[in-house]
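Data block below; observations after.
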Amino acid sequence: MKIVILGGDGFIGWPTALHLSARGNDIIIVDNLSRRAIDNELECESLTPIRSMEERISAWKEVTGRQIKFYNIDISLQYEELVEMFELERPDSLVHFAEQRAAPYSMKSSKHKRYTVNNNVNGTNNVLCAILDSGLDIHLVHLGTMGVYGYSSVGLKIPEGYLKIEIPVPKEGDKTSNGHVDEAASALPTGSESDSSSDDETASIHSNDSEYVPKDDNIPMEIYYPPRPGSVYHMTKVLDAQMFEYYNRNNRMRITDLHQGIVWGCSTPETLQDERLINRFDYDGDYGTVLNRLLMQAAIQHPLTVYGSGGQTRAFIHIRDSVRCIEIALSNPPKPADRVLIFNQITETHRVRDLAALINQLTGVPVGNIGNPRNEAAENDLVVENKQFLELGLKPTKLSEGLLYEITELASKFSDRCDVSRIAPCSFWLPSSTTKTV
């Protein structure tokens, strides 16, 4: 399979490119190296010393004999170059990582909010248009986020993208809000499933776990799970989903959207083959993912920075499972007539304070609760459906002491590259936020 990896220089894009190349696929990376530019802006490099794209690709060929092509294209701005690349390479599939991926960075200032929207939304629309203009039937796999669902306790298991509901049908002769008879309701054929009366005038919601029989007077439907983004970054992923629904419905475009949890870990079997293939490891307040950030702090004996009470429950996935899920999604594309295929790409959920307590138990490093820079619930539950990947063969990598030590050892090895001043949060959801010790 010939696969284009948009954003193939990034934290998940690079190990995905290697994983898919190692399995015999022809890989083309498209990236404008913007994440490296953001390192310069934030004055905070990856904890691990990542090599240039040219050296990475050369090392991979030297180690494995396999070639990876690279195009330096900004997909949000260089539309013609993107179309030309599709027409020249004629890929079978496309994996889209090429978005600004950090919620804190997207909340840093109005400039960063605008950049995140311009880059992510324009980039995704350009990709969709370029697929159409190329005339190719390309399967698009997009890396989304669990954050589109929001992190409020809702009392049901979050389904994989679609929510089953029932909508009451207006009774014959019912008046609309302006006093006129609802002609659509009056025109319903007698004897249909929709002409019975009902006292329930609101839509009912059903868990996707169980079979249900709709009331005779209700219309069963499946809708996108109502989004509740918690940052500008998450909002762009919601807008991506709306574009996917439209292009899929209007142009029969084959699209898979992966709602991924927080990634932890850094290495995959491919990145471990040579130090020149090492993956990036972010630890700062903007780009460091929570578990990696806490493990790095433990490695340098820095108090574990838990935001607020630490009662936030989040979904997690190890980076080795992340690349495997992308491979599974590519191998199981939707048909042209299918709706957007949505997977919840997670393997487990944990409360942040429980993770901090585990790391404290393993390392002896104390927990240092600080004010939460985010505008979010202090406590939440999170129950998530993820059976599709399991049914397709994913064997989850669960949290274990061995893997935690693996990450702290990596962080210890490069601890001299850590700038302790970059650990504290520096992006705030509200002007009044503070990170003082609580």
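For this chain, numbers begin at 1 and follow the sequence in order.
- In this structure a side-chain-to-backbone donor-acceptor pair under 3.5 Å is present from Thr48 to Phe281.
- No more than 12 heavy atoms of other residues, nucleotides or ligands shown are found within 6.0 angstrom of CZ on Arg114.
- No hydrogens or angles considered: a donor-acceptor pair under 3.5 Å links the side chains of Ser427 and Asp286.
- Thr256 and His139 share a side-chain donor-acceptor pair at under 3.5 Å.
- With hydrogens and angles disregarded, a donor-acceptor distance shorter than 3.5 Å links the side chain of Asn344 to the backbone of Glu385.
- Formation of a donor-acceptor pair under 3.5 Å by the Asn279 side chain with backbone atoms of Phe11 is found in this model.
- A donor-acceptor pair is defined here as one N or O able to donate and one able to accept, closer than 3.5 Å; no such pair exists between the side chain of Asn32 and the backbone of Asn72.
- Salt bridge status for Arg422 with Glu43: present, with a side-chain N to carboxylate O gap under 4.0 Å.
- Side-chain contact check for Leu341 versus Gln388: some heavy-atom pair is nearer than 4.5 Å.
- One finds the CZ atom of Arg324 at 9.5 Å from the CZ atom of Phe389 (value rounded to the nearest 0.5 Å).
- Remark: Arg56 engages Asp9 in a salt bridge, criterion side-chain N to carboxylate O under 4.0 Å.
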**OP:** Quick one: do Asp282 and Arg101 satisfy salt bridge (Lys or Arg N to Asp or Glu O under 4.0 Å)? Show the steps, please.
**Re:** CA-CA 12 Å; Asp282 297 308; Arg101 66 173 177 84; 2.5 Å; yes
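- Put simply, the side chain of Ile158 does not reach to within 4.5 Å of the side chain of Val383, judged on heavy atoms.
- Here the straight-line distance linking atom CD of Glu348 with atom CG of Leu399 works out to 5.5 Å at 0.5 Å rounding.
- No side-chain donor from either of Glu87 and Ser134 sits under 3.5 Å from a side-chain acceptor of the other.
- One finds the OG atom of Ser46 at 7.5 Å from the CD1 atom of Ile278 (value rounded to the nearest 0.5 Å).
- Counted by atom type alone, Asp321 and Thr397 present one or more donor-acceptor pairs between their side chains at under 3.5 Å.
- Between the side chains of Ser267 and Glu406, no donor-acceptor pair is found at a separation under 3.5 Å.
- Between Ala130 and Leu82, the shortest heavy-atom contact is CB-CD2, 3.8 Å.
- Rounded to the nearest 0.5 Å, atoms CG (Asp284) and CD1 (Ile423) are 9.5 Å apart.
- In this structure, Arg23 pairs ionically with Glu270, as a charged nitrogen and a carboxylate oxygen lie closer than 4.0 Å.
- How far CD of Glu160 is from CG of Leu258: 10.5 Å, rounded to the nearest 0.5 Å.
- No more than 12 heavy-atom neighbours from other residues, nucleotides or ligands sit within 6.0 angstrom of CD on Glu45.
- Between atom OG1 of residue Thr236 and atom NZ of residue Lys113 there is a gap of 13.5 Å, rounded to the nearest 0.5 Å.
- Side chain to side chain, Thr289 and Trp264 fail the donor-acceptor criterion of an N or O pair below 3.5 Å.
- Side-chain atoms of Gln78 come within 3.5 Å of backbone N or O of Asp74 as a donor-acceptor pair.
- Tyr71 and Glu89 are linked by a side-chain donor-acceptor pair at a separation below 3.5 angstrom, with hydrogens and angles left out of the test.
- Cation-pi check for Arg314 over Tyr151 is met; the charged atom lies under 6.0 angstrom from the ring centroid and within 45 degrees of its normal.
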**OP:** Given side-chain hydrogen bond (donor to acceptor under 3.5 Å, both in side chains), test Ser21 with Trp60 step by step and report yes or no.
**Re:** CA-CA 10 Å; Ser21 176; Trp60 179 245; 2.9 Å; yes
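- Using a 4.5 Å heavy-atom threshold, the side chains of Met146 and Val384 count as touching.
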Subject >> Working for salt bridge (Lys or Arg N to Asp or Glu O under 4.0 Å), residues Glu62 and Arg276 >> reply: CA-CA 11 Å; Glu62 180 183 322; Arg276 293 169 294 173; 3.1 Å; yes
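- Ring to ring, Tyr105 and Tyr233 are not that close: their centroids are 6.0 angstrom or more apart.
- The pair Lys108-Glu41 fails the salt-bridge criterion, with no side-chain N (NZ, NE, NH1 or NH2) lying under 4.0 Å from an Asp/Glu carboxylate O.
- Heavy atoms from other residues, nucleotides or ligands lying under 6.0 Å from CZ of Arg252 number 12 at most.
- Taking 4.0 Å as the cut-off between side-chain N and carboxylate O, Arg280 and Asp39 count as a salt-bridged pair.
- Using a distance-only test at 3.5 Å, with no hydrogens or angles considered, no donor-acceptor pair links the side chain of Trp14 to the main chain of Met53.
- Using modelled atom types, one finds no donor on one side chain facing an acceptor on the other under 3.5 Å when comparing Tyr283 with Asp419.
- For the residue pair Asn122 and Ser76, no side-chain donor N or O sits within less than 3.5 Å of a side-chain acceptor on the partner.
- When atom types are taken as modelled, the side chain of Ser109 and the backbone of His112 share a donor-acceptor pair closer than 3.5 angstrom.
- For the 3.5 Å distance criterion, the side chains of Thr16 and His19 fail to qualify, holding no donor opposite an acceptor.
- Judged purely by distance below 3.5 Å, without hydrogens or angles, the side chains of Glu379 and Gln312 never pair a donor atom with an acceptor atom.
- Looking at Asn248, its side chain does come within 3.5 Å of a backbone N or O of Asp338 through a donor-acceptor pair.
- Annotation: Tyr149 is in aromatic contact with His259 [ring centroid separation under 6.0 Å].
- Nearest heavy-atom pair across Gly261 and Ile346 is N-CG2, 3.4 Å.
- Atom NZ of Lys69 sits in a sparse spot, with 12 or fewer heavy atoms from other residues, nucleotides or ligands closer than 6.0 Å.
- The closest side-chain donor-acceptor pair between His142 and Glu99 falls under 3.5 angstrom.
- Side-chain atoms of Tyr79 come within 3.5 Å of backbone atoms of Cys129 as a donor-acceptor pair (strictly under, hydrogens ignored).
- Counting only heavy atoms from C-beta outward, the side chains of Asp26 and Arg66 approach each other to under 4.5 Å.
- A salt bridge links Asp137 with Arg254; the closest basic N to acidic carboxylate O contact falls under 4.0 Å.
- Side-chain contact, His96 with Thr124: a donor N or O sits under 3.5 Å from an acceptor N or O.
- Under the 3.5 Å distance criterion, with hydrogens and angles disregarded, no donor-acceptor pair is assigned to the side chains of Ser106 and Gln100.
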